[in-house]
Amino acid sequence: MTNDSLDLAFGALADGTRRAIVRRLSTGTARVTDLAKPFSMSFNAVSKHVKVLESAGLVRRVKSGREHRLSLNPRPLREVNRWVAHYQRFWSDRLNNLEQFLKFNPNQEE
Amino acid sequence: MPTGSPEATFDLTVSRSINASPQAVFRAWTDPQQFRRWFEPTQLIMHPEKNDLYFIEVQWEGRSWAHYGRYLQIEAPRLLKFTWMSEATEGRDTVVTVELSSRDGKRTDVRLTHVGIPDNQLGRGHEEGWKQGLANLAKTVE
């Protein structure tokens with residue numbers, strides 16, 4: 001897992017309708033048609049939002065007989081992890097230092 | 001004391017392209033005198049040999065962090081791999097891999113991968129708890 005999936009997840013959540021879909025799915029699975037009802041949105045419009053959430057890995061399709069039910073998958077957001085953020089900043093900072101060090105000390109031959 | 005599930009770990013990758021030869025970059029990582037100058041440890045004991053150990057203390061974000069580890073692989077000038085343990089890995093051995101590659105010998109791509117960072121209190125918990133957390137997060141960003 002990298003920060004790309006985190007970006008995707010936050011991108012997917014940067015929309016009111018998708019956030020509402022996520023909230024609905026946090027209470028249980030649903031069919032796409034069930035999701036369309038509260039928004040008085042067309043099936044196609046809701047489908048598009050669902051696809052974005054699926055691409056971000058936040059929503060999974062679960063086959064139930066002939067039905068497809070949508071299920072919330074919170075895994076991508078588990079990356080909002082304190083130590084990962086800590087080390088992301090730390091290593092980024094050290095590599096910046098390394099870059100500066102080699103810039104001003106180019107001749108390292110002993 | 002129970003901690004999070006040991007299987008729940010995270011990885012991260014940080015990359016840089018640096019205007020220096022892979023040899024120079026590798027030396028900066030493995031020569032203690034050079035390492036001191038850019039890593040800026042407050043304390044350093046470093047034996048960069050395979051299966052040998054290090055102790056690095058750094059000041060970061062307002063406090064001191066002690067790190068201990070063992071060198072797993074040292075292959076100049078392309079690969080350096082070591083374990084990395086601190087409070088911020090909750091005492092677990094994580095692994096840092098530094099890979100250096102260069103097309104022209106003058107510019108080096110540095111790719112640092114840190115794997116096995118354990119789940120913390122935020123991430124600890126069950127699927128249902130996470131679903132609620134996600135819903136709450138969604139609510140917060142409204």
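The structure displayed is predicted, hence computed values, not measured ones. In the text below, chain A, chain B and the rest are named by the order of the sequence lines, each starting its count at 1.
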Rounded at 0.5 Å granularity, tell me how far CZ in B/Arg27 sits from CG in A/Leu102. 9.5 Å
Side chain, backbone, both or neither of A/Arg89 within contact of chain B (heavy atoms, under 4.5 Å): both
With a 4.5 angstrom heavy-atom cut-off, which part of B/Ala88 approaches chain A: side chain, backbone, both or neither? both
With a 4.5 Å cut-off on heavy-atom pairs, point out which of B/Thr113, B/Leu112, B/Asn19 contacts chain A the most. B/Leu112
Before you tell me yes or no, could you show the steps for B/Thr89 and A/Tyr87 under side chain to side chain contact (heavy atoms under 4.5 Å, CB included), namely the whole-Å CA-CA distance, both residues' side-chain angles and the distance that decides it to 0.1 Å? CA-CA 10 Å; B/Thr89 67; A/Tyr87 277 120; 4.0 Å; yes
Tell me if the CZ atom of B/Arg103 is crowded by more than 12 foreign heavy atoms within 6.0 Å. no
Counting only heavy atoms not in B/Arg111, do more than 12 fall under 6.0 Å of its CZ? no
Which value, rounded to the nearest 0.5 Å, describes the distance between A/Phe90 atom CZ and B/Glu61 atom CD? 10.0 Å
With a 4.5 angstrom heavy-atom cut-off, which part of B/Thr108 approaches chain A: side chain, backbone, both or neither? neither
How would you list, in number order, the residues of residues 91-99 of chain A that have a heavy atom less than 4.5 Å from chain B? A/Trp91, A/Ser92, A/Asp93, A/Arg94, A/Leu95, A/Asn96, A/Asn97, A/Leu98, A/Glu99
Quick check: is B/Trp29 connected to B/Ile45 through a chain of hydrophobic side chains (ILVMFWY, heavy atoms under 4.5 Å apart)? no
Between the CD atom in B/Glu87 and the NE2 atom in A/His86, the distance rounded to the nearest 0.5 Å is 8.5 Å
In the single-linkage hydrophobic clustering (I, L, V, M, F, W, Y; side-chain heavy atoms under 4.5 Å), do B/Phe26 and B/Val98 co-cluster? yes
With a 4.5 Å cut-off on side-chain heavy-atom distances among I, L, V, M, F, W and Y, is there a chain of contacts connecting B/Leu44 to B/Val58? yes
Could you state whether A/Val22 and A/Phe39 fall into the same hydrophobic cluster, counting links through intermediate Ile, Leu, Val, Met, Phe, Trp or Tyr residues with side-chain heavy atoms under 4.5 angstrom apart? yes
Spell out, yes or no, whether B/Val115 and B/Ile117 are grouped together once hydrophobic residues are joined by side-chain heavy atoms under 4.5 Å, including indirect joins. no
Check whether the ring centres of B/His114 and A/Trp83 lie less than 6.0 Å apart, and answer yes or no. no
